[in-house]
Amino acid sequence: MKPTEKQKTIAEQAVYGDLKIKYPDEDTLWTIKPTALETDCTKLILPMFHQEESLPILRSMYDLNKTITHKGYNDNKPFTPLMVLFAIKLNPRAALTTTATNDLLYYWHFDTRGLIEAGEAIDANTLEVNPYEV
């Protein structure tokens, strides 16, 4: 069976940092930790929980031009993601700028697949406390 967009997002983003998920009937946020032991993360991560019911906690793409913080990034200092991504694109030494850009978007847990608007993810900004902010 082909993975859904939500399953792809969870698998991709869990590799780059502690992805938070929530079940609709619970207040608890669960953490999916990255692993270096499995190269195909979908085999290890997706069967570990009921992914059909869970909702990943993601940042809206509208946050790209806002000043944010992210635990463990930039010495926990505020930054604007769009400016960081722009700097990567301008770097003539950056061999794989698309890969670097995607890696950062996944690491910062941005909703690259439109799951928030589709009701398949929760906007981190709508929570009482954004779990990715310092």
Side-chain angles (χ1 to χ4, degrees):
M1 180 177 217
K2 187 176 178 180
T4 66
E5 294 299 301
K6 181 169 66 171
Q7 289 171 327
K8 290 179 197 174
T9 297
I10 291 170
E12 290 165 347
Q13 295 205 12
V15 171
Y16 290 94
D18 294 346
L19 178 68
K20 307 292 185 198
I21 62 168
K22 184 179 181 304
Y23 292 94
D25 297 335
E26 294 182 12
D27 291 332
T28 304
L29 296 183
W30 296 89
T31 301
I32 300 177
K33 299 241 181 224
T35 179
L37 302 176
E38 180 69 48
T39 54
D40 182 0
C41 57
T42 58
K43 290 179 184 173
L44 184 64
I45 295 170
L46 296 179
M48 295 172 71
F49 60 95
H50 302 285
Q51 68 266 18
E52 302 85 22
E53 302 163 13
S54 68
L55 298 171
I57 310 298
L58 302 173
R59 293 182 190 266
S60 169
M61 292 298 278
Y62 294 111
D63 289 349
L64 280 173
N65 65 348
K66 296 179 182 174
T67 300
I68 66 170
T69 59
H70 189 85
K71 291 177 184 172
Y73 181 79
N74 196 35
D75 294 326
N76 294 333
K77 295 177 188 164
F79 65 98
T80 305
L82 194 58
M83 300 309 293
V84 174
L85 299 175
F86 187 64
I88 290 171
K89 292 286 187 188
L90 288 180
N91 184 350
R93 290 185 230 144
L96 302 170
T97 57
T98 302
T99 301
T101 299
N102 288 342
D103 287 350
L104 282 173
L105 289 173
Y106 298 154
Y107 176 73
W108 296 325
H109 302 302
F110 274 94
D111 180 14
T112 59
R113 298 179 189 270
L115 297 178
I116 294 170
E117 287 79 17
E120 293 287 313
I122 298 170
D123 185 337
N125 293 321
T126 64
L127 300 175
E128 190 173 314
V129 176
N130 183 327
Y132 305 124
E133 292 284 325
V134 176

hydrophobic_cluster_shared for M83 and Y73, side chain cutoff 4.5 Å: no
May I ask whether Y107 and V134 are part of the same hydrophobic cluster, defined by side-chain heavy atoms of I, L, V, M, F, W, Y residues being less than 4.5 angstrom apart, directly or through others? no
What are the two closest non-hydrogen atoms of [X] and [Y], and how far apart are they?
X: Y132; Y: H109; value: CE2-CD2, 3.3 Å
X: T28; Y: K22; value: O-CG, 3.9 Å
X: L55; Y: G119; value: CD2-O, 3.9 Å

Within the structure provided, determine whether [X] and [Y] are in side-chain contact (heavy-atom separation under 4.5 Å).
X: P81; Y: F110; answer: yes
X: N102; Y: T112; answer: no
X: K6; Y: P56; answer: yes
X: I21; Y: L29; answer: no
X: I10; Y: L19; answer: yes

Looking only at atom types and distance, does a side-chain atom of Q7 sit under 3.5 Å from a main-chain N or O of T4, one as donor and one as acceptor? yes
Please assess F79 against V84 for the test side chain to side chain contact (heavy atoms under 4.5 Å, CB included), listing each intermediate value before the final yes or no. CA-CA 8 Å; F79 65 98; V84 174; 3.9 Å; yes
So salt bridge (Lys or Arg N to Asp or Glu O under 4.0 Å) across residues 104-114, not counting sequence neighbours, yields E5-R113, E12-R113
Can I get a per-line list of side-chain donor-acceptor pairs under 3.5 Å for residues 57-68, giving both atom names and the distance, sequence neighbours left out?
from : atom 1 : to   : atom 2 : distance (Å)
R59  : NE     : W108 : O      : 3.0
R59  : NH1    : E133 : OE2    : 2.9
R59  : NH2    : T69  : O      : 2.8
R59  : NH2    : H70  : ND1    : 3.1
S60  : OG     : Y62  : N      : 3.1
D63  : OD1    : K66  : NZ     : 3.4
D63  : OD1    : N125 : ND2    : 3.1
D63  : OD2    : N125 : ND2    : 2.6
T67  : OG1    : T80  : OG1    : 3.4

CA sep, side-chain torsions, deciding dist, call: I122, L127, side chain to side chain contact (heavy atoms under 4.5 Å, CB included): CA-CA 8 Å; I122 298 170; L127 300 175; 4.0 Å; yes
Just jot down the side chain to side chain contact (heavy atoms under 4.5 Å, CB included) partners of E128, sequence neighbours excluded, or say none. none
Roughly how far, to the nearest 0.5 Å, is the CG atom of N130 from the NZ atom of K20? 10.5 Å
